[in-house]
Amino acid sequence: MIKPGIPKGTRDFGPVVVRKRNYIFQTIRETFEVFGFQPLETPAMENLSTLTGKYGEEGDKLMFKVLNNGEIYNEAHQAKDNKELVSAITEKALRYDLTIPFARYVVMNQHELALPFKRFQMQPVWRADRPQKGRYREFYQCDADVVGSNSLLNEVELLLIYDTVLTKLGLQGYELRINNRKILFGLAEVIGKTELLTDITISIDKLDKIGADGVRKELQERGLTGADIDTIEKFLAIDGSSEEKLAQLKELLQSSSTALKGIEELSFVLNSGYATFHTTPIIDVTLARGLNYYTGMIVEVKAPATVKMGSIGGGGRYDDLTGLFGLPGISGVGISFGVDRIYDVLEELKLFPQTAQQSTKVLFLNLGEASSRAAFSYMMQLRQLGVAAELFHEPAKMDKQMKYADKRAIPYVIILGESELQDNLVSVKNLATGQQEKISGAELISYAF
RNA sequence: GUGGUUGUAGCUCAGUUGGUUAGAGCAUCAGAUUGUGGUUCUGAGGGUCGAGGGUUCGAAACCCUUCAAUCACCCCA
């Protein structure tokens with residue numbers, strides 16, 4: 001006998017959990033749809049060449065590769081090192097995110113697509129990471145992206161999507177943090193070390209985790225001089241209202257035209273006058289985000305501080321994503337929801353509504369042949385009206401059947417016993433209130449369950 | 001990839017410097033209750049103490065190995 005189990009970092013979702021997850025998916029999908037985005041699905045596997053090199057060195061390591069079928073033994077033995085081995089025996093990999101497959105799709109279908117193309121996609125992605133709290137090896141992303149438009153109005157709309165969805169889900173106290181890669185690039189430019197852009201951003205991104213001293217130490221290790229670090233610390237010290245932050249940025253980075261462009265973009269997104277938010281986006285100059293392809297606005301959604309979950313979503317603008325696949329000059333901007341983390345947050349804050357947890361509304365008790373025949377007929381009528389109903393599978397003691405309804409959280413039980421059958425009535429019991437009433441068959445059909 | 005913590009009933013966990021037959025709560029099943037659940041009472045079933053090896057008269061406990069879970073770092077949703 002083999003011991004049943006599932007791979008590390010993957011999960012089964014039972015009925016109750018699936019319902020709650022669907023509630024999140026539905027909320028996100030509805031919002032994407034009303035904002036004018038169109039659905040897209042891509043395969044679980046992509047060609048390895050499509051994915052490698054797009055997520056940095058770390059990303060390549062965390063990619064799940066799919067072993068080729070057939071005779072690979074000889075090929076494997078010709079490989080001289082690990083890298084050759086991988087390319088000899090694998091040519092496919094599981095999807096690592098939804099953005100790169102989307103870019104691939106856009107390039108492949110560029111002639112059929114009406115630009116700007118707005119698509120949403122809700123599918124699982126896989127990462128060979130070591131699992132921990134809020135981190136899984138298989139998890140869902142819900143992405144909305146616009147390609148083929150440089151308008152900053154897209155940024156505004158995408159922020160509004162975050163605002164709309166999270167408000168609908170009843171979440172409060174989250175933060176919508178935005179920044180602009182051009183500003184970070186400008187900082188590196190002012191220091192005169194654009195080649196260290198990634199090192200700088202990775203370090204300052206950790207400010208709230210390791211503190212100012214920690215950042216200073218790490219910057220030193222990454223090859224920044226004392227003068228460089230002074231400039232960076234001035235940058236990190238930027239504080240105040242959005243207007244004040246923008247003014248300070250302008251002052252500090254005035255010698256970089258790229259930075260000024262980024263500041264202007266950030267300013268537009270915040271002050272366009274097009275939108276009002278439930279939760280106002282805030283400028284976070286330390287926000288860097290991992291994926292290297294971002295070039296403009298970047299955004300990250302931080303879960304309410306009380307739940308210690310970190311990021312529940314993120315996104316940004318990437319000017320030349322499709323260029324990697326031979327279609328240069330097309331700009332994209334997108335956002336992503338991390339459904340699995342949002343689930344954990346809603347669960348912890350007890351924000352799932354009752355309606356997200358209900359399945360069958362009505363259970364007909366099975367009290368013998370005559371009872372079950374009458375019940376079955378009523379049940380089918382209710383089902384035709386869209387009321388989820390079921391009949392207990394076999395005659396059993398009432399006690400047992402009531403317990404079943406209780407455990408399944410079925411709100412109504414219908415009793416068709418001898419006396420009901422005799423009077424041509426049915427007894428409807430509301431399990432939440434304990435109240436019970438006898439009504440006619442016609443009344444049952446129009447009953448407000 | 002690096003480091004820490006934890007593995008005892010379906011679940012959450014007790015278990016004395018190593019000492020007789022390994023316990024509790026919850027859950028399950030049966031009964032109290034032959035037309036009424038969620039409360040209560042009574043009873044029952046359920047364990048290779050993660051696995052393998054070692055120390056010992058004796059191991060759930062101590063040592064080694066291994067597997068798994070979990071948390072943190074790196075990185076990320």
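Both backbone and side-chain heavy atoms feed into the values below; hydrogens, waters and symmetry mates do not. Everything numeric in this text was worked out from a predicted model, so none of it was measured. First the proteins, then the strands, lettered A, B, ... as listed; each starts at 1.
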Evaluation steps, side chain to side chain donor-acceptor pair (under 3.5 Å), between A/S149 and A/N154:
CA-CA 8 Å; A/S149 164; A/N154 293 308; 2.7 Å; yes
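- Contact between the side-chain N/O atoms of A/Q141 and the OP1/OP2 oxygens of B/A77 is not found at any separation under 4.0 Å.
- Side-chain proximity of A/Y136 to B/A72, B/G35, B/A77: nearest is B/A77.
- Checking B/C76, B/A69, B/U36 against every side-chain atom of A/K429, the shortest atom distance belongs to B/U36.
- One atom, CG of A/D406, and another, C1' of B/G37, lie 5 Å apart when rounded to the nearest Å.
- The side chain of A/K397 has B/G31 as its nearest neighbour among B/C74, B/G31, B/G38.
- Put simply, A/K400 has no side-chain N or O that comes within less than 4.0 Å of OP1 or OP2 on B/U33.
- No engagement by A/G59 is indicated, since no non-hydrogen atom pair under 4.0 Å with the nucleic acid exists.
- For A/S311, counting side-chain heavy atoms from C-beta on, the closest listed nucleotide (B/G37, B/A77, B/C75) is B/A77.
- Distance, A/R341 CZ to B/C76 P: 11 Å, rounded to whole Å.
- Under the Watson-Crick or G-U wobble criterion, with both distances below 3.5 Å, B/A9 has no partner in any strand shown.
- Put simply, A/F139 rests on the base of B/A77: the two rings are less than 5.5 Å apart at their centres and nearly parallel, under 30°.
- For A/R127 against B/C75, no side-chain N or O and base N or O form a donor-acceptor pair under 3.5 Å.
- Aromatic ring centres of A/F337 and A/Y162 lie closer together than 6.0 Å.
- Across every strand in view, B/U66 sits in a pair with B/G50 that passes the Watson-Crick or G-U test at under 3.5 angstrom.
- Looking at A/K302, A/K245, A/R177 one by one, the single match for side-chain hydrogen bond (donor to acceptor under 3.5 Å, both in side chains) with A/D284 turns out to be A/R177.
- Using Watson-Crick or G-U wobble geometry with both donor-acceptor distances under 3.5 Å, B/U42 finds its partner in B/A30.
- At B/C75, one or more side-chain N or O atoms of A/K206 fall inside 4.0 Å of OP1 or OP2 (strictly under the cut-off).
- Pair assignment for B/G58: none, as no Watson-Crick or G-U wobble contacts are both less than 3.5 Å.
- Rounded to an integer number of Å, the gap from A/L421 CG to B/G35 C1' is 13 Å.
- Residue A/G313 is classed as a sugar-phosphate contact, given heavy-atom separations below 4.0 Å to backbone atoms only.
- A salt bridge does not link A/K118 with A/D145: every distance from a Lys NZ or Arg NE/NH1/NH2 to an Asp or Glu carboxylate oxygen is 4.0 Å or more.
- For the pair A/Q132 CD and B/C74 P, the computed distance is 10 Å after rounding to whole Å.
- Taking the six-membered ring for Trp, A/F392 and A/F364 have ring centres at least 6.0 Å apart.
- A/R135 contributes no side-chain N or O that forms a donor-acceptor pair with the base of B/U70 under 3.5 Å.
- Checking B/C75, B/A72, B/U36 against the side-chain heavy atoms of A/I415 singles out B/U36 as nearest.
- The distance between the ring centers of A/F120 and A/F37 does not fall below 6.0 angstrom.
- Take the nearest nucleotide of RNA chain B for A/D340 and for A/Q436: the residue whose nucleotide is more 5' is A/Q436.
- In this structure, the CD1 atom of A/I210 is 17 Å from the P atom of B/A72, given to the nearest Å.
- Between the side chain of A/E420 and the base of B/G35, a donor-acceptor pair under 3.5 Å is found.
- Protein atom CD of A/E138 is 17 Å distant from nucleotide atom P of B/A77, rounded to whole Å.
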